[in-house]
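So you know, we letter chains A, B, ... as the sequences are listed, proteins then strands, and number each from 1. Computation of the quantities below employed the complete heavy-atom set of this structure, encompassing side-chain atoms and omitting hydrogens, waters and symmetry-equivalent molecules.
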2 protein chains.
Amino acid sequence: MPKQTFFNLPEKKRQNLINAAEEEFARVPLHEASIANIVKSAGIPRGSFYQYFEDKEDIYFYLLKEETDNNRVKFFQMLERHDGDIINAVTEFYYEFLVELPDDKEFDFLKNALLNVTHKIEDAFTATFKGKRDTGFFNEVIEMINKDRLNTENDTEIYHMLQIVIAVVFRNFVEKFSKELSDDEAIEHFTIEMNLLKNGLYKN
Amino acid sequence: MPKQTFFNLPEKKRQNLINAAEEEFARVPLHEASIANIVKSAGIPRGSFYQYFEDKEDIYFYLLKEETDNNRVKFFQMLERHDGDIINAVTEFYYEFLVELPDDKEFDFLKNALLNVTHKIEDAFTATFKGKRDTGFFNEVIEMINKDRLNTENDTEIYHMLQIVIAVVFRNFVEKFSKELSDDEAIEHFTIEMNLLKNGLYKN
DNA sequence: TATTTTAAGTGACACATTGTCATTTGTCAA
DNA sequence: TTGACAAATGACAATGTGTCACTTAAAATA
């Protein structure tokens with residue numbers, strides 16, 4: 001977490017620093033980004049940076065969390081709107097994400113994150129589908145899911161269903177960016193895979 | 001790829017360098033690893049390293065490929081043995097991987113790779129399930145799959161089935177390492193998820 | 001064998017980056 | 001006005017990277 005000094009900063013200076021950082025993380029992935037560039041572009045002395053953040057990762061995950069927190073709210077709204085149908089909810093989520101693709105800087109930031117995912121970065125992303133960060137992950141979403149349509153009512157199995165869905169959704173995001181799929185292609189792939197998940201890979 | 005000079009090296013010297021590198025990559029993930037440490041531990045001058053490799057990534061992906069190439073051969077044998085049943089094949093693959101867990105150095109190397117996966121690293125891992133690197137990925141494995149048991153005979157859909165299976169298998173590997181699951185827990189989770197994939201998440 | 005040519009080995013160097021810390025600056029309450 | 005505390009600052013030590021001019025070794029040729 002950023003230090004208190006960062007939050008004490010005047011709005012303008014804080015935003016300026018954030019912009020500089022976002023620019024750097026849009027340019028290159030986390031481990032290639034340099035604090036030197038950030039402070040240079042923000043026009044602040046190097047020492048100041050360390051007044052606000054522990055290190056590079058500190059500001060990175062702060063920004064990434066900002067980015068993904070909005071998405072979590074959206075996802076839960078969709079889950080509600082779709083009456084607890086998890087696959088319809090993630091599908092609309094995916095559609096909307098593609099349609100409302102953020103501006104270039106945000107886009108490149110996400111792309112760099114997705115193509116250079118560490119376990120920690122993946123956690124930040126997938127938290128979108130896992131409920132409030134402080135409550136037990138998943139419980140919240142498991143409660144919202146409509147179990148009538150599912151193949152099981154067992155919570156453990158539902159937990160694993162979620163894990164599967166999240167893994168496949170995540171893979172689709174990564175593929176969209178890495179293979180630079182068009183929106184139509186991306187949606188086509190996504191739809192096929194969601195249907196396969198619903199109906200199963202094997203005959204019954 | 002390593003340069004020719006590397007392959008011209010006398011066996012002993014080459015193995016010595018490989019050992020030093022593996023040690024470093026077992027200690028820390030790729031982006032924290034340092035060539036300085038490798039050459040120091042191998043007892044060779046810095047300049048020599050660049051005689052053999054382009055850079056850090058060059059030797060890293062060479063080692064990772066070595067590691068995963070064996071696995072690919074194993075997987076294809078299993079697919080044959082299980083008569084083209086993809087889920088049975090990956091399940092045995094997973095079991096055997098856990099049972100034959102490699103020595104500490106290899107273990108830590110894999111762990112660091114899995115918890116700090118870039119798209120390039122994931123590609124190296126998932127290539128295990130995709131056939132010979134030079135032929136069209138997937139074609140080889142799609143041919144070997146027994147389609148009688150599957151829900152579709154359409155190649156496109158089978159391609160996506162594979163993508164799904166790989167994503168879920170991969171997730172299970174990462175989870176095993178990140179949550180430090182016992183073998184029994186890992187196998188239990190894996191089995192549940194494979195059954196869900198087979199039968200589908202929704203009622204039909 | 002002597003000489004030339006080619007490949008490999010070497011380590012000092014220029015440059016970049018990180019995180020720290022002693023010092024300075026600014027602000028606010030007494 | 002002054003003292004005290006938070007914040008700002010930039011020079012510095014430490015560490016790392018990739019290169020290059022030079023040395024050494026080996027192989028080819030005369």
Please round to the nearest 0.5 Å and tell me the distance separating atom CG of B:Leu79 and atom CG of B:Asn88.
10.0 Å

Which part of the nucleic acid, if any, lies within reach of B:Lys13 when heavy atoms closer than 4.0 Å are counted: base, sugar-phosphate only, or nothing?
sugar-phosphate

Does B:Phe173 form a ring pair (Phe, Tyr, Trp, His ring centres under 6.0 Å) with B:Phe97? I'd like the steps, not just the answer.
CA-CA 10 Å; B:Phe173 275 117; B:Phe97 188 90; 4.9 Å; yes

Rounded to whole Å, NZ of B:Lys56 lies from P of D:dT15 at a distance of 16 Å

Grab the CD1-P distance between B:Ile44 and D:dG18 for me, whole Å please.
14 Å

Nearest-nucleotide pick for [X], side chain only, options being [options]:
X: A:Gln51; options: C:dA8, D:dA7, D:dT17; answer: D:dA7
X: A:Ser34; options: C:dG9, D:dA8, C:dT18; answer: C:dT18
X: B:Ala36; options: C:dT10, C:dG19, D:dT17; answer: D:dT17
X: B:Arg46; options: C:dG9, C:dG19, C:dA12; answer: C:dA12
X: A:Leu9; options: D:dG18, D:dA8, D:dT9; answer: D:dA8
X: B:Tyr52; options: C:dG9, D:dA7, C:dG19; answer: C:dG9
X: B:Thr5; options: C:dT20, C:dT10, C:dA8; answer: C:dA8

Determine whether more than 12 heavy atoms belonging to other residues, nucleotides or ligands lie under 6.0 Å from atom NZ of A:Lys147.
yes

Which atom pair, heavy atoms only, marks the closest approach of A:Glu67 to A:Leu110?
CG-CD2, 3.9 Å

Heavy-atom nearest nucleotide on DNA chain D for B:Ile35 versus A:Asn8: which residue maps closer to 5'?
A:Asn8

Within the structure, does a side-chain N or O atom of B:Ser48 lie under 4.0 Å from either OP1 or OP2 of C:dT10?
yes

